[in-house]
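Reminder, nothing fancy here: chain letters follow the sequence lines and each chain counts from 1.
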Amino acid sequence: MNNIEISNIRKTYQGKTGVTIALDDVSLSINGNELFGLIGPDGAGKTSLFRILTTVLLPDSGSASVCGADIVKDFQYIRNISGYMPGRFSLYPDLSVEENLNFFATIFNTTIEENYDLIRDIYVQLEPFKTRRAGKLSGGMKQKLALCCALIHKPNVLFLDEPTTGVDPVSRKEFWEMLKRLKNSGITILVSTPYMDEAMMCDRIALIQEGKILLIEQPADVAKGFGRKLYSARADNMYQLLIDLRAYDAIADCFAFGHTHHFTVKNELTNPDVIADYLREKMHTNLDIIEIAPGIEDCFMQLMRR
Amino acid sequence: MRILRFLLRKEFLQIIRNKSILPIIIVSPIMQLILLPFAANYEMKNISISIVDHDKSQDSRRLIEKILSGKYFLLQSNAESYTVALEDVEQDKADVILEIPAGFGRDLVRDNKVKTMIAANAINGQTAGLAVSYLNSIIMDFNSEIRMQWAVNPAVQPIPVIEISSLSWFNPLMNYKFFMVPGVMAILVTLVGFMLSTMNVVREKEIGTIEQLNVTPITKTQLILSKLVPFWILGQIVLTVGFIISFIVYHIIPAGNILLVYAFSSVYLVAILGLGLFVSTFAETQQQAMFIAYFCMTTFILLGGIFASIDNMPRWAQMITYINPISYFIDVLRMIILKGSGFADLSRHFLIMFIFAISLNMLAVWHYKKTS
């Protein structure tokens, strides 16, 4: 019912330096009442897809529907039933919290009271500041207000474009808990994020890069699809370690991952001790190599390299 | 309707909250209307003159007396020679030099013909031009007096019969403030209607709220009206403030029907707001908008007939003033306030402004659609 169907959407931007392909033949099917994550680096085409689905941008080719309504023909209907929270804070900074909320309620022909149940959990945190100008709120509070404004007309579908970018970890966690509650109340949510850890919170995720969908999977299955042994390496001189690992024949792939380096080997039978010996020869101290379970980020790194 | 009402409420709330808009609307008209007409005064009084009298005869003294007796010229110095007088000009003490040659009186009697020299400091062309023409007319006057005296028989030696006397209609005292005030009022109304509306739309773009509005069910008409109506009202308020100040400070009571002014400004503001919307579709940031709007405003003002008369402009500049909306507004304000023109006299202005209003708004909507 509240599903989103995207088929063969293509979008290019004509620039002075040439044509940029934002979306390249993207097809996606998002079920009703699903929390769907769109994961990808900056410039992957996430925002373009959001703008097309929220009817503010027309695709070059392809078609899409939101809740059964066509994004081109029935744009007015889609605008009524969807909530959109752009990546950038875009509420009126010179209006107060309450005035902003009231404004968006009114232009959707409703009132705060009518749909108060939906936003209560979020709004109670904002209520102490309701007379404060929106521009003077903290980053997390701004996002909560933006979410309230996107929800105030009780949308069937919610589009959230990088809602947690630039928000502190505590607020991010709270924010995702809210999304789960909203999902349970029957709203379909499409959310984009550059953070891999947030992907785990989604029902399903799609990895997107350079306008192409690389994979659509449940987060737990993504890691299973890695299909190879993954090792983590540490030593005192991390930079030299990366160079040496990449120079070694048996290594298929190696990249820096937080405090450690993750690498895969060409031959699954290669004993990690052999690699350790090689590295000790290279005068590495405090060396530590262990096999680890791959995460989503590892999968993504691997997919990106293909 | 409810949505539009709410959109308007939001606009007004933002306007009231904006710390710079209210002073612009109230204080700047007062300041400009009080200061500008006094400053931009074309009336020439107290022109400093250096006189080099080589003749020192009775006739030359009579001429000098005649020149200085009026309110126009102030004697800066009686210089020995032209070089000395030129020093006064160089030091900016004198605006104009009158050199009376030796034998002025004698030649006048003997040859009935004499030459004097006028030299003016043309750094300020306007002062120079006016000073020379004032001086010329005084000398001509002097000339005819002399001829009258000498005419033994007026029938034989005819006095020039054509005398040019001028009457200033609609502004009998040649009070330049009467001329300037309607012009300044037109500028202020344009400033509010044009600049503020442009900035307002671009600001929504800059802070990203236009994106948020675009995904709501608000229609384009509602959005455009919500941007036009507040500044249309503000424009009329500024016009009213202008009338009040021109009455209090300059005692200007419009000779014509004041409602006709409002009728015209109603159409004019729609046109100028359309232009504002058009500019706002070009600009992405307020800085860009400011620059475009500023460029338009200065062009409009300089070619609007407020400081320089349109009739004196070269042909090509006159052509530009035909597509300059502010020149029509200035014209209408002057015609109604000073001349008391009625609708019949202004029907052409109304028609043109209607065309402006419709075409500029259509242009804005067309370009908005094209860019989004």
### Portion of B/Gln222 that has a non-hydrogen atom of chain A nearer than 4.5 angstrom
neither
### Task
Sort B/Leu7 into side chain, backbone, both or neither according to what part of it lies under 4.5 angstrom from a heavy atom of chain A.
both
Looking at [Y], is its backbone amide N or carbonyl O close enough to the side chain of [X] to form a donor-acceptor pair, meaning the two atoms are under 3.5 Å apart?
{"X": "A/Glu5", "Y": "A/Gly68", "value": "no"}
{"X": "B/Glu11", "Y": "B/Pro230", "value": "no"}
{"X": "B/Asn324", "Y": "B/Leu303", "value": "yes"}

### Message
Less than 4.5 Å apart, side chain to side chain, heavy atoms only: is that true for A/Tyr116 and A/Tyr123?
### Response
yes
### Message
I need the residue from B/Leu13, B/Ile3, B/Val215 with the largest number of non-hydrogen atom pairs under 4.5 Å to chain A.
### Response
B/Val215
### Query
Which one of B/Ile207, B/Ile210, B/Leu213 has the most heavy-atom pairs closer than 4.5 Å to chain A?
B/Ile207
### Message
Among A/Tyr92, A/Phe103, A/Phe159, which residue has the highest count of heavy-atom pairs closer than 4.5 Å to chain B?
### Response
A/Tyr92
### Task
Would you mind checking which part of A/Phe89 comes under 4.5 Å of any heavy atom in chain B, side chain (CB onward), backbone (N, CA, C, O), both or neither?
backbone
## Note on the structure
Whatever's closer than 4.5 Å to a heavy atom in chain B on A/Thr55 counts as neither
### Task
Using the side chain to side chain donor-acceptor pair (under 3.5 Å) rule, take B/Gln14 and B/Asn200 through it: C-alpha gap first, then chi angles, then the decisive distance, then the call.
CA-CA 10 Å; B/Gln14 284 187 300; B/Asn200 183 285; 5.2 Å; no
### Message
So that I can tick it off, tell me whether B/Glu211 and A/Arg88 are bridged by a salt bridge, with the cut-off set at under 4.0 angstrom between side-chain N and carboxylate O.
### Response
no
